[in-house]
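Quantities reported herein were computed from a predicted structural model and do not represent experimental measurements.
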Amino acid sequence: MEEIELIETGLNNVFSYIAPDGSKRLATKALVPGIQGGKTIKIGSDEYRIWNPYHSKLAAILLKGASIPLKKDSSVLYLGAANGTTVSHVSDIVSEGTVFAVEFSPRAMKDLIRASTPRMNLIPILADARDPGSYTNMVTEVDLIYQDVAQREQAEIAVRNAETFLKRGGYLVLIIKSRSIDSAKDADKVSHNEIKKLGELFKVMGIMDLEPFHSDHASVLAEYR
Ligand code: SAM
């Protein structure tokens, strides 16, 4: 295989490289080498996990140039962890921090537990993100909430979780799936209605559509006042 040059992105353990088709792609340095599925790049004894922007909205956000305030010791509350695809890359990034990963589907939880077992910084939680009171005994105050639940009431869920867990000056990354709110309204209008609902609690710092990687999706980065 041709040698790939990995370039630091400024985000801990996240690197960019040029794929054989000429497109820019991302990879994270594996926190626990040798155990994950998926494609990897090996350089010496280090392993880098290819982060597909079509499978992960966070990879799409970063590839499109947004800067996400994650540090190596950040604590993150991840709502809508699914089978752990993106969560496992967040675990690589916050290598000295913690990821609390909430998911309410028992089926997805099976895979999430498998992904988290070798990762000391990833805590899977089977719970409903609409009811943060049900997991207060498992989650500490966090620096960032990442929410991708594809539900109605997306902004309300974010507000409830922020009030319970997010530290002042912390951040919210909210993925808005327009279709899950009201498929009849146009995507932009829905995004803006949801953003308005973040109200006085947040200062919205950036909004981005996730084209061409994820249609009908937008991301919002907001600071908790
Ligand atoms: N963020 C994931 C990734 O990038 O790998 C994909 C998330 S997927 C679009 C949405 C997930 O949110 C699903 O796994 C779904 O079961 C979960 N979900 C939806 N509503 C939820 C809720 N109220 N509480 C917890 N999880 C929820």
Exercise. For the hydrophobic clusters of this structure (ILVMFWY residues joined by side-chain heavy atoms under 4.5 Å, transitively), does one cluster hold both Val159 and Val173?
Worked result: no

Exercise. Going through the distances and angles, do Ile157 and Val149 end up as a side chain to side chain contact (heavy atoms under 4.5 Å, CB included)?
Worked result: CA-CA 9 Å; Ile157 293 172; Val149 292; 4.1 Å; yes

Problem set entry | Verify same cluster id: Ile175, Leu172 (apolar side-chain graph, 4.5 Å) | no

Exercise. Looking at Glu47 and Pro33, what are the two nearest heavy atoms and their distance?
Worked result: OE2-CA, 3.8 Å

Problem set entry | Inter-residue atom distance Arg114.CZ - Ser88.OG, 0.5 Å rounding | 13.5 Å

Problem set entry | Nearest atoms (heavy-atom pairs only) where Ala27 meets Tyr17 | CB-CE2, 4.1 Å

Exercise. Out of curiosity, Glu194 CD to Glu156 CD, how far, rounded to the nearest 0.5 Å?
Worked result: 6.0 Å

For this session: Indicate, with yes or no, if Ile176 and Ile68 share a hydrophobic cluster defined by side-chain heavy-atom contacts under 4.5 Å among Ile, Leu, Val, Met, Phe, Trp and Tyr.
Result: no

Problem set entry | Heavy-atom side-chain proximity of Lys42 to Thr40 below 4.5 angstrom | yes

For this session: Kindly give the heavy-atom pair with the smallest separation between Ala129 and Val102, and that separation in Å.
Result: N-CG1, 4.3 Å

Exercise. Are a donor atom and an acceptor atom from the side chains of Asn121 and Thr98 found within less than 3.5 Å of each other?
Worked result: no

Problem set entry | Side-chain donor or acceptor of Glu103 paired with backbone N/O of Ala82 under 3.5 Å | yes

Exercise. Got a donor-acceptor contact below 3.5 angstrom from the His89 side chain to the Val87 backbone?
Worked result: no

Problem set entry | Basic-acidic side-chain contact under 4.0 Å: Lys71, Asp73 | no

Exercise. Sub-3.5 Å donor-acceptor pair from the side chain of Asp46 to the main-chain atoms of Lys29, do we have one?
Worked result: no

Exercise. Between the side chains of Ser95 and Asn12, is a donor N or O closer than 3.5 angstrom to an acceptor N or O?
Worked result: yes

Exercise. Are any of the side-chain nitrogens in Arg49 or Asp92 under 4.0 Å away from the carboxylate oxygens of its partner?
Worked result: yes

Exercise. What ring pair (Phe, Tyr, Trp, His ring centres under 6.0 Å) pairs are there with at least one residue in residues 154-176, not counting sequence neighbours?
Worked result: Tyr135-Phe165

Problem set entry | Arg130/Phe104 under side chain to side chain contact (heavy atoms under 4.5 Å, CB included): CA gap, chis, key distance, verdict | CA-CA 10 Å; Arg130 288 170 294 194; Phe104 77 169; 3.7 Å; yes

For this session: Start with the C-alpha distance between Leu70 and Val76, add both sets of side-chain angles, then the distance that settles side chain to side chain contact (heavy atoms under 4.5 Å, CB included), and finish with yes or no.
Result: CA-CA 9 Å; Leu70 278 174; Val76 177; 3.5 Å; yes

Seminar exercise, completed: Between Ile61 and Ser219 the two heavy atoms that sit nearest each other are CD1-CB, 3.5 Å

Seminar exercise, completed: For Pro69 and Ser74 the tightest heavy-atom approach is O-OG, 4.4 Å

Exercise. Does atom CZ of Arg107 have more than 12 heavy-atom neighbours, drawn from other residues, nucleotides or ligands, at distances under 6.0 Å?
Worked result: no

Exercise. Roughly how far, to the nearest 0.5 Å, is CG of Leu166 from CG of Leu201?
Worked result: 10.0 Å

Problem set entry | Under 3.5 Å: donor-acceptor pair, side chain of Asp143, backbone of Ser75 | yes

Exercise. With the 4.5 Å side-chain cut-off for hydrophobic clustering, are Leu198 and Met205 part of the same group?
Worked result: no

Exercise. Hey, are the side chains of Val99 and Ile123 touching, using non-hydrogen atoms and a 4.5 Å cut-off?
Worked result: no

Exercise. Can you tell me how far the OH atom of Tyr54 sits from the CG atom of Leu210, to the nearest 0.5 Å?
Worked result: 12.0 Å

Exercise. Does the distance from a Lys or Arg side-chain N to an Asp or Glu carboxylate O, for Glu141 and Lys167, drop under 4.0 Å?
Worked result: no

Exercise. Just wondering, do Leu174 and Tyr146 contact through their side chains at under 4.5 Å, heavy atoms?
Worked result: no

Exercise. Between Leu122, Val142, Leu58, Thr86, which is the residue that forms a side chain to side chain contact (heavy atoms under 4.5 Å, CB included) with Tyr78?
Worked result: Thr86

For this session: Would you mind reporting whether Ile41 and Leu6 have side-chain heavy atoms less than 4.5 Å apart?
Result: yes

For this session: Say whether Ile93 and Leu144 are linked into one hydrophobic cluster, either directly or through other cluster members, by side-chain heavy-atom distances under 4.5 angstrom.
Result: yes

Exercise. Run the side chain to side chain contact (heavy atoms under 4.5 Å, CB included) check on Thr136 and Thr164 step by step: do they pass?
Worked result: CA-CA 8 Å; Thr136 43; Thr164 315; 3.6 Å; yes

Exercise. Would you say the side chain of Ser16 lies within less than 4.5 Å of the side chain of Arg25, judging by non-hydrogen atoms?
Worked result: no

Exercise. Ion pair present between Lys64 and Asp209, side-chain N to carboxylate O less than 4.0 angstrom?
Worked result: yes

For this session: Count the heavy atoms belonging to other residues, nucleotides or ligands that lie under 6.0 Å from CE of Met138, then report whether that count exceeds 12.
Result: yes

For this session: Without swapping roles, check the side chain of Arg119 against the backbone of Leu31 for a donor-acceptor pair under 3.5 Å.
Result: no

Problem set entry | pair Ser105-Met109: side-chain heavy atoms closer than 4.5 Å | no

Problem set entry | Step-by-step ring-ring contact (aromatic ring centres under 6.0 Å, His included) determination, Phe15 to Tyr48 | CA-CA 9 Å; Phe15 297 81; Tyr48 298 84; 5.3 Å; yes

Problem set entry | Under 3.5 Å: donor-acceptor pair, side chain of Arg160, backbone of Pro132 | no

For this session: Using modelled atom types only, decide if a donor and an acceptor are shared between the side chain of Thr9 and the backbone of Leu11 within a distance under 3.5 Å.
Result: yes

Problem set entry | Gap separating the CD1 atom of Ile18 from the CD atom of Glu5, nearest 0.5 angstrom | 9.0 Å

Problem set entry | Pair Thr28, Asn13: side-chain N/O donor-acceptor within cut-off below 3.5 Å | no

For this session: Kindly indicate whether a cation-pi arrangement holds for Arg168 with Tyr224, taking the cut-offs as under 6.0 Å to the six-membered ring centre and within 45° of the axis.
Result: yes

Problem set entry | Non-hydrogen atoms of Leu221 and Ser67 that approach each other most closely | CD2-O, 3.7 Å

Exercise. Does Ser116 use its side chain to pair, donor to acceptor, with the backbone of Ile113 at less than 3.5 Å?
Worked result: yes

Exercise. Can any side-chain N or O of Glu8 pair as donor or acceptor with the backbone N or O of Gly10 at less than 3.5 Å?
Worked result: no

